[in-house]
Protein chains: 2
Amino acid sequence: MTSASTPKGERRRNELIDAAAALLAEGGFDAVRHRAVSERAGLPLASTTYYFDSLDELITAAVERHGRNELDAGARRLDELAARHRGVDTVVELMLEQLLGPEPADSAADLDGVLLRYERLVGTGRRPYLRSLSVAMSDEMDALLLEICERSGMPVSLHRLKQLIALVDGAVVNALVEVNPEPRAAARKMLSEALQPTA
Amino acid sequence: MTSASTPKGERRRNELIDAAAALLAEGGFDAVRHRAVSERAGLPLASTTYYFDSLDELITAAVERHGRNELDAGARRLDELAARHRGVDTVVELMLEQLLGPEPADSAADLDGVLLRYERLVGTGRRPYLRSLSVAMSDEMDALLLEICERSGMPVSLHRLKQLIALVDGAVVNALVEVNPEPRAAARKMLSEALQPTA
DNA sequence: ACCATTCTGGTACGGTCGTGCAATTTATTT
DNA sequence: AAATAAATTGCACGACCGTACCAGAATGGT
């Protein structure tokens with residue numbers, strides 16, 4: 001069964017997705033297992049196979065939930081963003097917050113969070129069933145970023161935006177291998193330089 | 001035992017690394033397993049645990065072998081590269097060849113090859129034991145690319161080079177999620193625009 | 001009341017995995 | 001050739017995995 005039909009069933013199914021999304025955020029794709037999800041949700045193992053035809057489907061739901069949470073948080077931030085001129089540094093910070101999530105106090109936690117976004121990108125390469133979902137979420141992210149720039153008096157074309165995103169993503173994946181990885185700082189530097197009026 | 005002490009042992013250990021590197025290139029990190037490696041090398045299962053203390057050590061050796069092969073091939077290409085002025089398009093192609101490997105005729109094979117490079121980058125995030133190795137290989141790659149630009153009459157600073165690499169890497173990881181992924185084409189476009197004298 | 005459908009959860013099967021270890025083969029020394 | 005040491009390997013243990021199965025409980029329509 002791929003979807004529940006009673007309200008209670010729907011609630012349980014939902015709890016499983018929440019648990020799966022949390023595991024995904026903490027340990028990546030490999031952490032999303034039937035047993036781990038069911039234990040986390042406090043539900044029996046068999047409930048995971050009852051509500052999801054396969055593990056792939058469960059993972060898909062977890063990716064969607066996690067992405068949706070992030071995009072919603074981004075949209076909320078955007079709602080509170082007044083339209084006014086902003087300096088480069090501020091815009092950079094807003095974009096990073098959107099692309100990498102809000103910066104946690106613990107820098108190790110930041111690494112984990114950042115890691116997942118890029119595991120999702122690369123992991124989609126070996127998981128074709130995630131493609132359409134990933135594409136849709138990327139498009140939403142693009143729209144959010146466009147709006148941020150717009151409202152900050154620094155409008156950019158979609159084309160230019162994709163350059164900037166590539167710059168951030170590239171900076172991050174390269175920073176991930178460093179002995180002391182600070183992907184956010186690396187991305188900040190790249191983005192800041194690229195947005196500077198001119199050098 | 002982490003290293004063999006007889007010539008024959010050294011040879012066998014070497015065959016295991018070759019097999020592991022091949023599996024890595026074909027199926028990513030998850031494909032490097034004791035049993036798969038031993039079968040591929042035509043050696044008994046226990047030989048993998050005899051020559052390598054753990055799977056991590058075997059994976060490390062495979063990553064090193066694979067990276068070394070690629071860097072050596074790059075160095076060989078560089079040796080045959082005469083110093084003379086080249087157009088942007090040509091330099092772009094040379095850089096992509098270095099960063100993503102030579103373009104195979106089969107575009108599906110290209111995807112596999114490209115995927116691995118980025119699995120390695122992101123995978124290093126969750127495999128700290130690969131960090132120092134990955135850093136060293138990245139540095140070698142930087143040197144190779146610097147030299148390519150130099151010999152093509154288009155010298156760049158290390159700082160600028162890192163921007164260009166980030167651009168390529170970012171374009172690739174974003175292209176990986178597309179319904180019809182053409183990471184090389186996406187990277188080519190980005191890089192070409194960035195190197196254009198000015199628009 | 002009934003019954004069909006939906007849901008629940010305990011359990012087990014067949015599989016892959018990393019790894020430890022005793023036995024065996026091979027090499028070296030006496 | 002015998003004794004000793006080193007290198008090699010067959011094998012199995014325990015863990016974890018996805019998933020199928022099925023008896024029973026809850027639910028909702030009649």
Side-chain angles (χ1 to χ4, degrees), chain A residues 1-24 26-64 119 123 126-130, chain B residues 1-24 26-64 119 123 126-130:
Chain A
M1 189 91 39
T2 182
S3 71
S5 36
T6 75
K8 182 179 163 205
E10 197 57 50
R11 209 179 320 125
R12 287 165 69 92
R13 189 182 138 95
N14 203 54
E15 280 164 21
L16 288 172
I17 299 180
D18 270 343
L23 286 167
L24 179 70
E26 285 167 24
F29 286 103
D30 288 352
V32 182
R33 306 285 184 173
H34 284 124
R35 285 169 181 80
V37 170
S38 64
E39 267 175 46
R40 177 109 178 195
L43 293 173
L45 166 62
S47 65
T48 57
T49 57
Y50 180 72
Y51 288 108
F52 301 89
D53 280 340
S54 71
L55 186 62
D56 286 353
E57 209 180 279
L58 183 49
I59 290 178
T60 305
V63 170
E64 183 166 22
E119 279 187 335
R126 291 214 195 265
R127 286 166 237 260
Y129 59 89
L130 287 180
Chain B
M1 189 93 38
T2 182
S3 71
S5 37
T6 75
K8 181 181 157 203
E10 199 56 50
R11 211 179 319 126
R12 289 163 65 88
R13 189 181 138 95
N14 203 55
E15 282 163 21
L16 288 173
I17 299 180
D18 271 342
L23 286 167
L24 179 69
E26 286 167 23
F29 285 103
D30 288 351
V32 182
R33 309 285 185 170
H34 285 122
R35 285 166 181 82
V37 170
S38 63
E39 269 175 41
R40 177 110 176 193
L43 293 174
L45 167 62
S47 65
T48 57
T49 56
Y50 179 70
Y51 290 110
F52 302 89
D53 281 340
S54 70
L55 186 61
D56 286 352
E57 209 180 279
L58 182 50
I59 289 178
T60 305
V63 170
E64 181 166 25
E119 279 187 335
R126 291 214 195 266
R127 286 167 236 262
Y129 58 89
L130 287 180

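Lettering of chains follows the sequences in order, A, B, ..., and the numbering in each one begins at 1.
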Measure from the side chain of [X], starting at C-beta and using heavy atoms only, and say which of [options] lies closest.
{"X": "Tyr50(A)", "options": "dG18(D), dG10(D), dT8(C)", "result": "dT8(C)"}
{"X": "Ala46(B)", "options": "dA12(C), dT9(D), dG10(C)", "result": "dT9(D)"}
{"X": "Arg33(B)", "options": "dT19(C), dC17(C), dG18(D)", "result": "dC17(C)"}
{"X": "Arg35(A)", "options": "dT19(D), dT19(C), dT9(D)", "result": "dT19(D)"}
{"X": "Leu45(B)", "options": "dA12(D), dC17(D), dA12(C)", "result": "dA12(D)"}
{"X": "Pro44(B)", "options": "dT9(D), dT19(C), dC17(C)", "result": "dT9(D)"}

Can you tell me how far [atom2] of [N] sits from [atom1] of [X], to the nearest Å?
{"X": "Asp53(B)", "N": "dG18(C)", "atom1": "CG", "atom2": "C1'", "result": "13 Å"}
{"X": "Phe52(A)", "N": "dC17(D)", "atom1": "CZ", "atom2": "P", "result": "18 Å"}
{"X": "Leu16(B)", "N": "dT8(D)", "atom1": "CG", "atom2": "P", "result": "11 Å"}
{"X": "Glu15(A)", "N": "dG9(C)", "atom1": "CD", "atom2": "P", "result": "11 Å"}
{"X": "Arg11(A)", "N": "dA26(D)", "atom1": "CZ", "atom2": "C1'", "result": "14 Å"}
{"X": "Leu58(B)", "N": "dG18(C)", "atom1": "CG", "atom2": "P", "result": "9 Å"}
{"X": "Arg13(A)", "N": "dG9(C)", "atom1": "CZ", "atom2": "P", "result": "17 Å"}
{"X": "Phe29(A)", "N": "dC17(D)", "atom1": "CZ", "atom2": "C1'", "result": "18 Å"}

- prompt: Does dC17(D) have OP1 or OP2 sitting under 4.0 Å from an N or O in the side chain of His34(A)?
  reply: no
Flag, side chain of Arg40(B) to backbone of Ala19(B), donor-acceptor distance under 3.5 Å: no
query: Is the Lys NZ or Arg CZ of Arg127(A) less than 6.0 Å from the centre of Phe29(A)'s six-membered ring, within 45° of the axis?
result: yes
- request: With rounding to the nearest 0.5 Å, note down the distance linking CG in Asp30(B) to CD in Glu119(B).
  value: 7.5 Å
- prompt: Can you name the nearest heavy-atom pair linking Leu16(B) to Val37(B), along with the distance?
  reply: O-CG1, 3.6 Å
task: Please assess Phe52(A) against Ile17(A) for the test side-chain contact (heavy atoms from CB on, under 4.5 Å), listing each intermediate value before the final yes or no.
output: CA-CA 10 Å; Phe52(A) 301 89; Ile17(A) 299 180; 3.6 Å; yes
